[in-house]
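Some notes on the structure that comes next.
Residue indices begin at 1 and follow the sequence shown. In each ligand, atom 1 is the first atom listed, and ligand 1 is the first ligand listed.
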Amino acid sequence: MRNFIRRIILQTKLESLFAKEAWHFWRFTRRYNASNHTDKDIEKMQYTLSRETHTIEKGMSMRNPRKGFGQEKVSNLINRLKKYNQLYGMTDSSFLYYPLSTIKSYIEYTNKTGVSIPDIEESYAELLNTTDFELVNVESGIVRESKEHIQSLCNKDFESLLFSRHSLRYFSKRPVSKDILDKALILAQRTPSACNRQGWKAHVFMGNRSVELIRWQGGSRGFEDEIRCAILVTANLKAFLSFEVHQAYVDGGLYAMNLINALHSLGLGTIPLSTAFQYQKLAILKSFGIPENEVPILIIGVGHLLDEFNVAVSTRKDIVLTTIWH
Ligand SMILES: Cc1cc2nc3c(=O)[nH]c(=O)nc-3n(C[C@H](O)[C@H](O)[C@H](O)COP(=O)(O)O)c2cc1C
């Protein structure tokens, strides 16, 4: 009887703890999620603008971008940037450099393909006149890369490995062998994890099954058929205790990053693809053989490099913007 009561008390404590965690998560999400009151908050506005900017360079980094693609997106982006400039230009105008530079690359790129976009050029010029952008030089858009160049750097030293990795959006048709994937998986297994639990899983999909998974993911519109090998990294919720309910995402994320770098070090191309979706969409993962107790962390699209290809520059912020010394 005593044991029974003790078990009931313990269970009630656990249930209340889980409910509290969910409640706090709800509280922070409604307050800080970027979809909520976006433009009332400079950080939310900046992050969403960076996201929209990246969509433009990503479009240019595909195998065969549709001629004249992205005009509506770019117009909308320019209008939002104008709004940003009015609201926050006095606080942080340097934020505008990366979007402005990307739009400049987009205009040059689109004109080169023989498509004229005078309305966008005019709107861009209006925005430009209100900034000091012309005094700076920010790399943006796409760069041409080659297999020879990447493979000379990817396994040279750590710095070269990091600087030579890019997200690739098209690959050679050569199938990726199990042997090379096994080698990468062995390297990624060196990932540290909380109390060495190694709660991650790597689900490997090949051929049409990979394309189906990529279609489900949805963030690869325009290049789904390119990805004939996809690794879905998950983390097992059963590995974690009541005081570490978010740990699965940390350990899984560390593993996924190591796997990306391991694949790159072996000369393969990769692209990380988000799986941070709403639960209705995640429920469909059951049909791919993913049990409910595994939370998806990331899909890694994998392929062999072509001799030459384009990659998005995806310029990085200065470390002063992301480092806080205490
Ligand atoms: C969690 C995560 C999710 C991503 N999802 C997508 C995606 O859905 N579609 C896509 O084209 N790229 C996606 N990417 C790739 C990013 O756009 C890319 O990593 C970023 O622009 C930096 O560029 P780099 O990887 O070439 O350094 C994702 C990257 C990460 C880390």
Just need the protein heavy atom nearest to [atom], so name the residue and atom and give the distance.
atom                    : value
atom 5 (N) of ligand 1  : Ser274 N, 3.1 Å
atom 13 (C) of ligand 1 : Pro272 O, 3.2 Å
atom 18 (C) of ligand 1 : Ser167 OG, 3.6 Å
atom 10 (C) of ligand 1 : Lys58 NZ, 3.5 Å
atom 7 (C) of ligand 1  : Leu273 CD2, 3.5 Å
atom 17 (O) of ligand 1 : His54 NE2, 2.8 Å
atom 20 (C) of ligand 1 : Ser314 OG, 4.0 Å
atom 8 (O) of ligand 1  : Gln217 NE2, 3.1 Å

Exercise. Between Arg316 and ligand 1, which residue portion shows a heavy-atom distance shorter than 4.0 Å: side chain, backbone, both, or neither?
Worked result: side chain
Exercise. Given that the side chain starts at C-beta and the backbone is N, CA, C, O, which of these parts of Phe223 lies under 4.0 Å from ligand 1, counting heavy atoms, or is it both or neither?
Worked result: side chain
Seminar exercise, completed: To atom 11 (O) of ligand 1, the nearest of Met257, Arg221, Arg169 on a heavy-atom basis is Arg169
Exercise. Do any nitrogen or oxygen atoms of Ser220 lie less than 3.5 angstrom from nitrogen or oxygen atoms of ligand 1?
Worked result: no
For this session: List the steps and the verdict of salt bridge (Lys or Arg N to Asp or Glu O under 4.0 Å) for Arg197 and Asp251.
Result: CA-CA 9 Å; Arg197 272 167 286 184; Asp251 286 9; 5.7 Å; no
Under a 3.5 Å distance rule, please check whether [X] uses its side chain to pair with a backbone N or O of [Y] as donor and acceptor.
X      : Y      : result
Thr323 : Val320 : no
Thr270 : Gly301 : no
Arg63  : Phe171 : yes

Which of the numbered atoms in ligand 1 are under 4.0 angstrom from any heavy atom belonging to [X]?
X      : value
His166 : 26 (O)
Leu298 : 1 (C), 2 (C)
Gly219 : 7 (C), 8 (O), 9 (N), 10 (C), 11 (O)
Ile271 : 10 (C), 11 (O), 12 (N)

Exercise. Is the Tyr106 ring parallel, tilted or perpendicular to the Phe69 ring (thresholds 30°, 60°)?
Worked result: perpendicular
Exercise. Distance only, no hydrogens: is a donor on one side chain within 3.5 Å (strictly under) of an acceptor on the other, for Gln198 and Tyr255?
Worked result: no
For this session: Could you walk me through whether Ile150 and His166 pass the side chain to side chain contact (heavy atoms under 4.5 Å, CB included) test, one step at a time?
Result: CA-CA 9 Å; Ile150 299 270; His166 304 281; 4.0 Å; yes
Exercise. How far apart are the closest heavy atoms of His54 and Ser314, and which atoms are they?
Worked result: CE1-OG, 3.4 Å
Exercise. Are there more than 12 heavy atoms of other residues, nucleotides or ligands under 6.0 Å from atom CG of Leu241?
Worked result: yes
For this session: Calculate, to the nearest 0.5 Å, the distance between atoms OG and CG belonging to Ser242 and Leu10 respectively.
Result: 8.5 Å
